[in-house]
Amino acid sequence: MRIFKFGGASVKDADGVKNVVEVLKTVGYDDTMVVISAMGKTTNAMEVVVKNYFENKQELQESIQEVVKFHNTILFDLFENEKHPVFKKVQTLFEEVKGFLAWNKSPKYSFVYDQVVGYGELISTTIVSAYLNEIGIKNNWVDVRTLIKTDSSYRDAGVRWELTQESINENVNRKSLNITQGFLGSDENNFTTTLGREGSDYTAAILAYCLNASSVTIWKDVPGVLNADPRYFEKTALLNKISYREAIELAFYGASVIHPKTLQPLQRKEIPLHVKSFVHPKEAGTTVTKGKGIEPETPCFILKTNQTLIRLSSLDFSFIVEDNISEIFKLLADSRMKVDLIQNSAISFSVCVDNKFNKLEQLLQTLRSKFKVTHYEDVSLYTIRHFNDEAIASLQNGREVLLEQRTQKTVQLVVK
């Protein structure tokens, strides 16, 4: 069985949905599980709904209606008759969102987030599945929440692998075309959980691992894995082959094409990962598999924006050693900070973090009671794998470098 994953950009409108059909016709779709994300920027729009629910009730209904209108436009472009059953199915899903927000009593943002935002995937797959059936490509719509079982760490749920394996064995027809959602799971109380932002790639890997899939293909709007993000770098090159180890390194440092968690289950069973273009599906793209390094070997640039650099030093010039570092990491963990870079000396400690849960001020207040603290918000973290002097110079040109760190194959620069 093969696993395909299509992201939001591939189904952002009716033409995108039709192109997915052309990809499936080109490469085949027997014995295939297709994982599909929310359409276009729907996840962002649903995040606005959640924000308005907590902070701006007057705008809540309008923000929901914006999402409804977006999907209705796609429905009317795909289906000639608005009496088609899919219109009622999508309407029912939106009524479920409104119903949840009406009766919910939980004040927990992350819980509400997961119950609401996940409808983007449920709606997109409902539309795509109905369209495929309409044009004669028979398929099974599968609720991934019945397959992937997780803990209750809302917005960043951990997979309960044994339960997930059992659920997949019981509920997946391996001999047909299946359409399911990325990003989602469910906990022991059957509440929806999410696997973290951009978690649909991880979904594909989980399913591949449990189904012993022959391969995973992630369909993107780029030719494959590039050595740099073309949104930020002018000159990019396609990487034809990448080893699991190298891909995990790139993902760890923040390469956006592959989700950091995706590669681990694939590597354990040596399942090849292909990253290909949904615009040119016959082209080879990039293959991630067992092997050495990257081909061709060239500097790989990774950029993380909106980072925060925190510098700590001891108040009495005493050493920052094991006890201090242990305490610092506990505070970072309690604040749910994603640590992207650390550097320490005898009396100082620097850390570059991603403040994705907006707990920076609380963390800084605690740190100031124990250390001298300097911090820089909205900095950028550049990472270069397989760096050379020319690559480093291209990033240093005209920028203020706040921190630099080098290993044998990697250099990282925090810049304003």
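From a predicted model like this one, the values you see are computed outputs, not experimental measurements.
- Although no hydrogens or angles enter the test, the distance criterion places no donor-acceptor pair under 3.5 Å between the side chain of Glu400 and the main chain of Lys416.
- Using a 4.0 Å cut-off between a side-chain N of Lys or Arg and a carboxylate O of Asp or Glu, Glu249 and Lys409 do not qualify as a salt bridge.
- Nearest approach of Asp229 to Arg231, heavy atoms of both residues: OD2-NH2, 2.7 Å.
- Counting heavy-atom neighbours within 6.0 Å of Lys338 NZ, excluding the residue itself, gives a total above 12.
- The distance from atom CD1 of Ile206 to atom CG of Leu266, rounded to the nearest 0.5 Å, is 10.0 Å.
- For Ser277 (side chain) and Val279 (main-chain N/O), a donor-acceptor pair under 3.5 Å exists by modelled atom type.
- Proximity of a side-chain donor or acceptor of Ser167 to a complementary backbone N or O of Leu163 within less than 3.5 Å is detected.
- Side-chain atoms of Asp143 and Leu122, non-hydrogen and from C-beta on, do get closer than 4.5 Å to each other.
- Applying the 6.0 Å contact sphere to CD of Glu162 captures no more than 12 heavy atoms from other residues, nucleotides or ligands.
- Counting non-hydrogen atoms of neighbouring residues, nucleotides and ligands closer than 6.0 angstrom, the CD atom of Glu404 exceeds 12 such neighbours.
- Considering every non-hydrogen atom in both Asp77 and Lys18, the closest pair reads O-NZ, 4.1 Å.
- Inter-residue side-chain proximity for Gln181 and Trp141 is flagged as met; some heavy-atom pair is nearer than 4.5 Å.
- Between the side chains of Asn169 and Arg174, a donor-acceptor pair is found at a separation under 3.5 Å.
- The pair Glu66-Lys69 meets the salt-bridge criterion, with a side-chain N (NZ, NE, NH1 or NH2) lying under 4.0 Å from an Asp/Glu carboxylate O.
- Taken from CG in Asn344 to CZ in Arg311, the straight-line distance is 13.5 Å, to the nearest 0.5 Å.
- Note that CG of Asn104 is 8.5 Å distant from CD of Gln115, once rounded to the nearest 0.5 Å.
- Between Trp219 and Phe6, the ring planes lie parallel to each other; the angle is under 30°, not in the 30° to 60° tilted range.
- Remark: Lys356 does not engage Asp354 in a salt bridge, criterion side-chain N to carboxylate O under 4.0 Å.
- Judged purely by atom type and a 3.5 angstrom limit, Asn52 has no side-chain atom pairing as donor or acceptor with the backbone of Gln58.
- No more than 12 heavy atoms of other residues, nucleotides or ligands shown are found within 6.0 angstrom of CZ on Arg245.
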Step by step, work out the ring-ring contact (aromatic ring centres under 6.0 Å, His included) result for Phe111 and Phe191. CA-CA 9 Å; Phe111 171 76; Phe191 286 117; 5.0 Å; yes
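- For the atom pair OG (Ser350) and CG (Leu312), the distance works out to 7.5 Å, reported to the nearest 0.5 Å.
- Side chains of Glu246 and Leu250 form a contact here, defined as non-hydrogen atoms less than 4.5 Å apart.
- The minimum heavy-atom distance linking Val112 with Phe100 is given by the pair CG1-CE2, 3.9 Å.
- Counting only heavy atoms from C-beta outward, the side chains of Tyr119 and Thr126 never approach each other to under 4.5 Å.
- Ring geometry, Trp161 versus Tyr209: the interplanar angle exceeds 60°, so the pair is classed perpendicular (tilted spans 30 to 60°).
- The nearest pair of heavy atoms linking Val116 to Met46 is O-CE, 3.2 Å.
- You'll find the side chain of Asn355 reaches within 4.5 Å of the side chain of Met337, heavy atoms only.
- Crowding of Lys304 atom NZ: a count of heavy atoms from other residues, nucleotides or ligands under 6.0 Å exceeding 12.
- The main-chain N or O of Ser37 is never found under 3.5 Å from a side-chain atom of Glu121 such that the two would form a donor-acceptor pair.
- When all heavy atoms are compared, the tightest approach of Ala130 to His84 is CB-CE1, 4.3 Å.
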May I have the step-by-step check of side chain to side chain contact (heavy atoms under 4.5 Å, CB included) for Leu360 and Glu377, ending in yes or no? CA-CA 10 Å; Leu360 179 63; Glu377 296 184 46; 3.7 Å; yes
Verdict with supporting geometry, Gln396 and Leu413, side chain to side chain contact (heavy atoms under 4.5 Å, CB included): CA-CA 8 Å; Gln396 289 178 327; Leu413 306 171; 4.1 Å; yes
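- Side chain of Ser63 to backbone of Leu60: a donor-acceptor contact under 3.5 angstrom is found.
- Atom CD1 of Ile127 and atom NE2 of His71 lie 5.0 Å apart (nearest 0.5 Å).
- Distance alone, capped at 3.5 Å, is enough to place a donor-acceptor pair between the Thr203 side chain and the Phe183 backbone.
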List the steps and the verdict of side chain to side chain contact (heavy atoms under 4.5 Å, CB included) for Arg406 and Ile392. CA-CA 11 Å; Arg406 299 191 189 201; Ile392 296 172; 3.7 Å; yes
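- By the 6.0 Å contact criterion, NZ on Lys88 is open, its count of non-hydrogen atoms from other residues, nucleotides or ligands being 12 or less.
- For the side chain to side chain contact (heavy atoms under 4.5 Å, CB included) with Leu226, the lone residue among Val275, Leu239, Thr236 that qualifies is Thr236.
- In this structure, Lys5 forms no cation-pi arrangement with Phe278, as its terminal cationic atom is not both closer than 6.0 Å to the ring centre and no more than 45° off the ring axis.
- Residues Thr410 and Arg385 have side chains that bring a donor and an acceptor to within less than 3.5 angstrom of each other.
- Thr192 and Arg145 share a donor-acceptor pair across their side chains, judged by distance under 3.5 Å alone.
- Contact detail for Cys352 and Val414: the closest heavy-atom pair is SG-CG2, 4.2 Å.
- In this structure, Lys57 forms a cation-pi arrangement with Tyr53, its terminal cationic atom sitting closer than 6.0 Å to the ring centre and no more than 45° off the ring axis.
- If you check the side chains of Asp114 and Thr194, you find a donor sitting under 3.5 Å from an acceptor.
- Of the possible polar contacts, one joining the Gln165 side chain to the Cys210 backbone as a donor-acceptor pair under 3.5 Å is found.
- The structure places OH of Tyr154 at 4.0 Å from CG of Asp187, a figure rounded to the nearest 0.5 Å.
- Counting heavy atoms from C-beta on, the side chains of Ile123 and Met39 never come closer than 4.5 Å.
- Using a 4.0 Å cut-off between charged side-chain N and carboxylate O, Asp156 and Lys261 make a salt bridge.
- Under the 3.5 Å distance criterion, with hydrogens and angles disregarded, no donor-acceptor pair is assigned to the side chains of Thr286 and Lys241.
- Formation of a donor-acceptor pair under 3.5 Å by the Glu270 side chain with backbone atoms of Thr289 is not found in this model.
- A 6.0 Å sphere centred on CD of Glu62 holds no more than 12 heavy atoms belonging to other residues, nucleotides or ligands.
- Within the 4.5 Å cutoff, the side chain of Lys370 has no heavy atoms near those of the Asn324 side chain.
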Can Tyr253 and Cys300 be said to form a side chain to side chain contact (heavy atoms under 4.5 Å, CB included), step by step? CA-CA 11 Å; Tyr253 288 116; Cys300 296; over 6 Å; no
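- For the pair Asn178 (side chain) and Ser176 (backbone), a donor-acceptor distance under 3.5 Å is present.
- Using a 4.5 Å heavy-atom cutoff, the side chains of Phe4 and Val27 are in contact.
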